[in-house]
Amino acid sequence: MTLDEDEEEEGGDPIAMLEAAFAAHGWSYERQGDDEIGAQAPGSWAQIELRGVWRGDDGVLQFLALPDIRAASDKRAAIYETLGLINEQLWVGHFELWSSSGAVLFRHALLLDGGDEAVLSQETAETLIDSAIDEIERFFPVFQFVLWGDKSPKEAIEAAMIDTRGEA
């Protein structure tokens with residue numbers, strides 16, 4: 001699916017713009033009414049569920065990215081500490097843990113002017129998607145070190161965030 005030039009420049013309905021971006025990537029997606037869409041995106045570490053929810057009355061597009069990471073009850077305290085350390089490093093969006101399921105997710109809310117008539121540009125839709133996936137890719141090993149490697153949150157971040165220099 002491609003956008004015509006006018007729509008690409010001006011943008012459109014936030015959910016329609018997410019749908020166009022998902023389709024352009026060739027990802028499977030499904031709309032749940034006019035105000036919600038979900039897609040499956042491949043990640044380097046795991047499949048990532050992407051979800052956009054539009055609240056026109058508030059002018060807010062809620063964007064969630066859920067990697068396949070679940071924290072068992074006995075690991076949740078360590079994950080909460082990990083989330084705090086990770087979120088200190090983020091400029092946009094944040095990671096959180098859903099208490100009901102133990103799912104780790106990345107969430108970002110975008111305020112758009114115009115209420116029900118708000119417009120999201122295709123470029124902004126792509127940036128929203130790319131930034132969520134990039135943050136999951138960046139921090140996925142940290143969660144794995146805490147959940148499966150029995151590292152402390154601080155040790156996990158230090159181990160996963162090693163900056164490489166030069167070329168191999």
Side-chain angles (χ1 to χ4, degrees), residues 1-71 76 79-80 82-144 157 160-161:
M1 176 177 194
T2 60
L3 300 173
D4 64 38
E5 284 185 26
D6 291 336
E7 191 175 24
E8 192 169 318
E9 288 177 15
E10 295 176 19
D13 167 83
I15 298 300
M17 292 295 98
L18 289 175
E19 180 177 20
F22 296 156
H25 283 284
W27 299 334
S28 63
Y29 63 88
E30 184 177 341
R31 279 190 124 176
Q32 290 83 37
D34 292 335
D35 297 333
E36 187 172 347
I37 190 167
Q40 295 293 318
S44 297
W45 306 99
Q47 191 77 0
I48 303 169
E49 179 184 345
L50 304 173
R51 186 155 304 282
V53 180
W54 172 241
R55 291 184 50 122
D57 293 344
D58 299 323
V60 175
L61 176 61
Q62 187 80 231
F63 192 76
L64 304 104
L66 297 99
D68 189 17
I69 301 173
R70 300 227 186 273
R76 291 191 184 177
I79 290 298
Y80 280 121
T82 305
L83 293 172
L85 294 172
I86 288 172
N87 287 336
E88 289 175 354
Q89 300 179 45
L90 300 177
W91 283 68
V92 176
H94 65 278
F95 281 93
E96 62 186 64
L97 177 70
W98 276 348
S99 60
S100 62
S101 66
V104 172
L105 67 134
F106 180 82
R107 184 193 309 238
H108 177 65
L110 187 62
L111 296 170
L112 300 173
D113 290 333
D116 281 330
E117 303 300 316
V119 171
L120 179 69
S121 73
Q122 190 61 39
E123 182 178 356
T124 301
E126 287 288 344
T127 300
L128 187 63
I129 294 165
D130 291 346
S131 64
I133 292 172
D134 288 348
E135 295 299 359
I136 287 173
E137 295 289 306
R138 182 173 151 203
F139 290 105
F140 192 94
V142 174
F143 294 113
Q144 293 304 306
I157 287 175
M161 308 279 48

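What you see below is based on every heavy atom in this structure, not just the backbone, and it leaves out hydrogens, waters and symmetry mates.
- Between the CD1 atom of Ile79 and the CZ atom of Arg70 there is a distance of 13.0 Å, given to the nearest 0.5 Å.
- Open room surrounds CG on Asp68; 12 or fewer heavy atoms of other groups in view lie less than 6.0 Å from it.
- Closest non-hydrogen pair, Leu112 versus Ala118, comes out as CB-CB, 3.7 Å.
- Among all heavy-atom pairs drawn from Val60 and Ala109, the shortest one is CG1-CB, 4.0 Å.
- Summarising the geometry, atom CD1 belonging to Ile15 is positioned 8.5 Å from atom CH2 belonging to Trp54; distances are rounded to the nearest 0.5 Å.
- Side-chain contact check for Ile157 versus Gln89: some heavy-atom pair is nearer than 4.5 Å.
- Rounded to the nearest 0.5 Å, atoms CG (Leu61) and CG (Leu128) are 6.0 Å apart.
- With rounding to the nearest 0.5 angstrom, the CG atom of Leu90 is 9.5 Å from the NE2 atom of His94.
- Side chains of Phe63 and Ser131 form no contact here, defined as non-hydrogen atoms less than 4.5 Å apart.
- Ion pairing of Asp34 with Arg55 is absent here, as no side-chain N (NZ or NE/NH1/NH2) approaches a carboxylate O to less than 4.0 Å.
- The nearest pair of heavy atoms linking Ala125 to Leu120 is CB-CD2, 3.8 Å.
- Note that CD of Glu126 is 9.5 Å distant from CZ of Phe22, once rounded to the nearest 0.5 Å.
- Counting only heavy atoms from C-beta outward, the side chains of Ile86 and Phe143 approach each other to under 4.5 Å.
- In this structure the side chain of Leu110 reaches within 4.5 angstrom of the side chain of Thr124, judged on heavy atoms.
- Across every non-hydrogen atom of Gln40 and Trp27, the tightest pair is O-CB, 3.3 Å.
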Exercise answer: donor-acceptor pairs, residues 43-50 side-chain atoms, under 3.5 Å, sequence neighbours excluded:
{"unit_1": "Ser44", "atom_1": "OG", "unit_2": "Glu137", "atom_2": "OE1", "d": "2.7"}
{"unit_1": "Trp45", "atom_1": "NE1", "unit_2": "Glu137", "atom_2": "O", "d": "3.3"}
{"unit_1": "Glu49", "atom_1": "OE2", "unit_2": "Arg51", "atom_2": "NE", "d": "3.2"}
{"unit_1": "Glu49", "atom_1": "OE2", "unit_2": "Arg51", "atom_2": "NH2", "d": "2.8"}

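- Between Ala20 and Gln122 the shortest heavy-atom distance is CB-OE1, 3.8 Å.
- To the nearest 0.5 Å, atoms CG (Asp35) and CD1 (Ile37) are separated by 11.5 Å.
- Judged as a ring-ring contact (aromatic ring centres under 6.0 Å, His included), the pairs with a partner in residues 102-132 (not counting sequence neighbours) are, in order, Phe95-Phe106.
- The pair Arg31-Glu19 counts as a salt bridge, with a side-chain nitrogen and a carboxylate oxygen less than 4.0 angstrom apart.
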